[in-house]
**Q** 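The structure that follows is given in the form of structure tokens.
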Amino acid sequence: MQTDGRTALLAVLATLVAITVATNTTASLAQPQIAAAFDAGPADTAWVVFGYSATFALGTALWGGIASRTGIIPALVAGVALLGIGSAAAAVAPSLELVIGSRLVQGLGSGAIPTLSTALIAGRFEGTDRARALGVIIASVGGGQALGPIMGGVLLEVGGWRPAVSIGVVAIPAVVVLARSQRGRTTAVGHRRIDWIGAGLVGALALGLTFVLNRGPLGVSPAVVAAGIVAGAAGIAVLRRAASHADAFVPADVLRNPVFRSVVPLGAVGLSAYLGTIVLVPILGARAYGLEGIALGLLLLPMALAAAISSPNNARVQARLGPRNTTRLALALLGAAPLVVAFGAVPAGPAVLGLGLAAAGAGFGILNAPLLSRLTHAITGDRQPVAVGVYNLCFFFGGAVGASVSSAIVQTGFDLPGFGAVGLPGFTTALVLVAIGPLVAAVLVGEPRHAELDGYAQPTMSRPDAVIFDLDGTLVDTVPARIRAWDLVFAEVGIPATHEQLAALIGIDGRRLARDVAIAAGGGLDEAGAERIDVRAGELFDAENREPRALPGAPAALRRMNTAGVRWAIATSSRPEQLAASIAALELDREPRIVDGSRVEHAKPAPDLLLLAARELGVEPSRAWYVGDSTWDMRAAAAAGMTAVGILAGAALDADALREAGASVVLPTLDDLDLPA
């Protein structure tokens with residue numbers, strides 16, 4: 001690890017991230033004491049939890065734009081300062097309203113920390129040091145989750161609720177360290193316009209709607225009506241601004257993207273159930289079991305540990321289940337958790353409550369990554385950070401909605417018929433209601449859109465004059481080696497990249513892949529730089545791709561083409577020098593016709609590669625099939641006017657993503673590829 005001041009910087013960033021994660025847990029634990037101090041109900045004290053989440057959501061989307069103009073360090077210093085100021089104010093606030101206001105300031109400042117810490121590491125660390133540094137940040141997230149309940153319990157035991165809602169004051173010295181790390185550096189100020197009006201409208205929409213959902217169940221008052229009017233007007237203004245301003249805080253093209261519109265509700269309902277459950281647990285523990293202090297913190301420990309364990313293992317879960325089934329599992333766990341708490345916690349005791357909370361933590365830990373993977377696959381280039389920011393805004397706001405509604409129901413004491421047997425009015429009803437969203441979503445997500453997808457039955461397709469095949473992940477199992485090669489080259493050049501990010505981009509033009517990853521990391525590449533990285537990735541791939549194997553059904557499918565007299569070719573974005581070992585693995589009788597990425601200016605997802613292959617085969621594109629394993633293959637086929645056939649045997653994990661990208665049919669393996677008579 002580099003030591004010229006960067007080790008100290010990394011320690012500060014890791015501490016800040018851990019504080020950001022832990023502070024909502026400690027504040028949640030403080031709710032019973034806050035309620036006693038100000039004679040308040042659950043709907044009132046829950047604002048210290050979901051109010052923080054609402055402004056944190058706004059901050060995650062806002063601070064990136066601020067940093068693009070001021071530089072990362074000044075923006076991060078400002079965010080940390082807001083966290084410290086809000087925490088100090090919470091420590092001395094004389095009323096509940098001021099405690100809540102202080103927490104809103106904390107949330108807005110905290111929104112700068114996760115995103116800008118990652119961006120700062122990308123700019124200050126290089127090669128393997130960068131990978132290690134990012135690993136430290138990921139570990140600090142787990143550490144914050146695990147330490148939050150214990151830290152909160154100790155603070156409640158020793159100092160009461162005020163330290164628990166103001167632990168962010170320990171972030172104040174970080175301002176000095178961060179400012180010193182900027183010495184001697186020139187702040188590169190960008191020209192990205194910040195839509196302050198749009199940000200303000202989104203903030204008014206979020207807080208106004210949260211207020212209505214939280215206070216409305218307690219009775220319709222002038223304040224509720226006013227908040228509803230503000231939220232409605234702000235929502236209309238946000239949509240109009242999105243349509244009329246290219247640089248709107250919430251851009252219209254992002255809102256119109258079908259993948260964005262499919263993943264946002266899933267993330268929002270998942271976090272709604274999670275935070276809707278968590279905000280009630282300390283109140284339930286205090287009322288049902290008489291717990292306080294450290295004992296109350298231990299109640300949340302199973303949840304925190306499950307989240308800390310499941311989050312870093314997300315890639316393994318996705319590799320086994322696929323992104324769509326991983327999402328379904330996460331939603332099922334998040335929906336089951338409040339039901340376990342609702343019907344088992346009070347009669348069975350804290351052990352059952354801990355089991356339910358562990359399910360919630362595990363679901364939370366694996367929910368976000370597959371959704372973000374789909375989103376970043378669908379939206380690339382300079383729009384990708386914007387889309388991710390808006391997604392995070394909706395994700396955390398969804399959590400605020402669940403917490404506001406569940407706490408309001410508990411304060412009213414409203415119970416659906418038959419739900420009041422546990423003797424804690426409102427709890428069972430509130431938990432059942434927050435469970436409904438993720439359970440319904442778990443059933444619906446991934447459902448086939450077309451009847452022909454059941455059993456992978458093929459739709460009626462005319463016999464092709466030619467079939468064009470992708471190579472990597474379609475005919476030959478080379479995608480893992482591709483990912484390793486890209487991972488190595490980005491480590492060499494000091495650009496952060498994750499396994500999931502690279503897996504989603506395999507199949508695209510290598511130069512575009514290099515540029516997209518650089519943009520996602522907050523930088524950029526010119527054509528020469530992208531070319532160098534692409535060439536180097538090919539060299540590393542050759543070293544990794546020593547013994548590739550043909551995928552199931554691939555050699556037999558090619559023999560069927562020959563027997564049926566159907567012309568075929570291989571069209572791949574790979575460079576010609578990377579192909580020998582992969583072609584040899586197919587054990588063909590003769591050298592195949594290959595069209596590689598070096599022969600066109602724009603490789604996949606542009607149609608150029610496929611159109612060139614069709615010309616060389618002497619067929620009209622509309623009379624050809626293109627068979628591939630990635631969404632980039634399907635998009636290229638659609639752009640070329642060819643019938644797109646998706647194959648799941650290689651790298652593809654999500655059949656629905658292939659269909660959304662244009663596949664006419666998705667098959668398990670090439671053994672299932674039949675030519676119509």
Side-chain angles (χ1 to χ4, degrees), residues 20 51-86 89 100-120 175 178 187-211 226-227 229-256 260 264 379 381-398 400 519 522:
T20 301
Y52 175 94
S53 294
T55 54
F56 181 88
L58 182 64
T60 57
L62 181 63
W63 285 105
I66 295 174
S68 72
R69 296 186 65 87
T70 66
I72 295 174
I73 288 289
L76 185 55
V77 165
V80 173
L82 277 181
L83 169 61
I85 291 169
I100 293 169
S102 301
R103 289 285 293 166
L104 297 180
V105 174
Q106 288 180 42
L108 186 61
S110 294
I113 292 171
T115 300
L116 298 187
S117 292
T118 302
L120 186 57
V175 172
L178 291 171
T187 300
V189 179
H191 299 287
R192 179 180 168 187
R193 178 179 171 271
I194 302 173
D195 182 16
W196 292 107
I197 295 176
L201 290 171
V202 169
L205 170 62
L207 292 176
L209 184 57
T210 302
F211 187 88
I229 293 172
V230 168
I236 294 171
V238 167
L239 294 176
R240 288 182 174 176
R241 195 165 186 83
S244 60
H245 291 71
D247 294 323
F249 190 71
V250 181
D253 58 337
V254 170
L255 292 177
R256 287 194 296 263
F260 177 85
V264 161
I379 302 178
D382 60 359
R383 262 309 190 242
Q384 188 181 83
V386 178
V388 171
V390 179
Y391 167 83
N392 283 331
L393 189 155
C394 298
F395 179 72
F396 288 107
F397 178 63
I519 290 171

**Q** Would H245 and I197 count as a side-chain contact (heavy atoms from CB on, under 4.5 Å) here? Give the steps.
**A** CA-CA 11 Å; H245 291 71; I197 295 176; over 6 Å; no
**Q** For L255, what residues pass the side chain to side chain contact (heavy atoms under 4.5 Å, CB included) criterion, not counting sequence neighbours?
**A**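 L255: side chain to side chain contact (heavy atoms under 4.5 Å, CB included) contacts with L239, A242, V250, F260.
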**Q** How far apart are the closest heavy atoms of L76 and L116, and which atoms are they?
**A**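 Residues L76 and L116, closest heavy atoms: N-CD1, 3.7 Å.
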**Q** If you compare all heavy atoms of L58 against all heavy atoms of G203, which two are closest, and at what distance to 0.1 Å?
**A**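 Scanning both residues, the minimum pair turns out to be CD2-CA, 4.0 Å.
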**Q** Taking all non-hydrogen atoms of both residues into account, name the closest pair between A81 and V175 and its distance.
**A**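 For A81 versus V175, the nearest heavy atoms are N-CG2, 4.1 Å.
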**Q** Using the test side chain to side chain donor-acceptor pair (under 3.5 Å), find all partners of S53 that sit at least two apart in sequence or belong to another chain.
**A** N24
**Q** Under the side chain to side chain contact (heavy atoms under 4.5 Å, CB included) test, which residues partner A231, sequence neighbours left out?
**A**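 With neighbours one apart ignored, the set is L205, L209.
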**Q** Check step by step if side-chain contact (heavy atoms from CB on, under 4.5 Å) holds for W196 and I66.
**A** CA-CA 10 Å; W196 292 107; I66 295 174; 3.7 Å; yes
**Q** May I ask you to decide if I72's main-chain N or O and W63's side chain share a donor-acceptor pair within less than 3.5 Å?
**A** no
**Q** Locate the shortest heavy-atom distance separating G208 from A227; write the atom from each residue and the value.
**A** O-CB, 3.9 Å
**Q** Within the distance-only criterion (no hydrogens, no angle test), does the side chain of T60 pair as donor or acceptor with the backbone N or O of A57 below 3.5 angstrom?
**A**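 Yes, because the side chain of T60 sits within donor-acceptor range (under 3.5 Å) of the backbone of A57.
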**Q** List in chain and number order the residues that pass side chain to side chain contact (heavy atoms under 4.5 Å, CB included) with A199, two or more places apart in sequence or in another chain; answer none if no residue qualifies.
**A** L62, F249
**Q** Could you pull out the closest heavy-atom pair between G198 and R241, with the gap in Å?
**A** N-NE, 3.6 Å
**Q** Sorted by first residue and then second, give each side-chain hydrogen bond (donor to acceptor under 3.5 Å, both in side chains) pair with at least one member in residues 104-113; sequence neighbours left out.
**A** Y52-S110, R103-Q106
**Q** Within a strict 4.5 Å, meaning less than it, do heavy atoms of the T210 and F397 side chains meet?
**A**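 The answer is yes, as the side chains (C-beta and beyond) meet within the 4.5 Å cut-off.
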**Q** List the atom of L207, the atom of A54, and the distance in Å for their closest heavy-atom pair.
**A** CD2-CB, 4.1 Å
**Q** Enter the distance from L83:CG to F56:CZ here, rounded to the nearest 0.5 Å.
**A** 10.5 Å
**Q** Side chain to side chain contact (heavy atoms under 4.5 Å, CB included) with A237: which residues, sequence neighbours excluded?
**A**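 Counting only residues at least two positions away or on another chain, A237 forms a side chain to side chain contact (heavy atoms under 4.5 Å, CB included) with L201.
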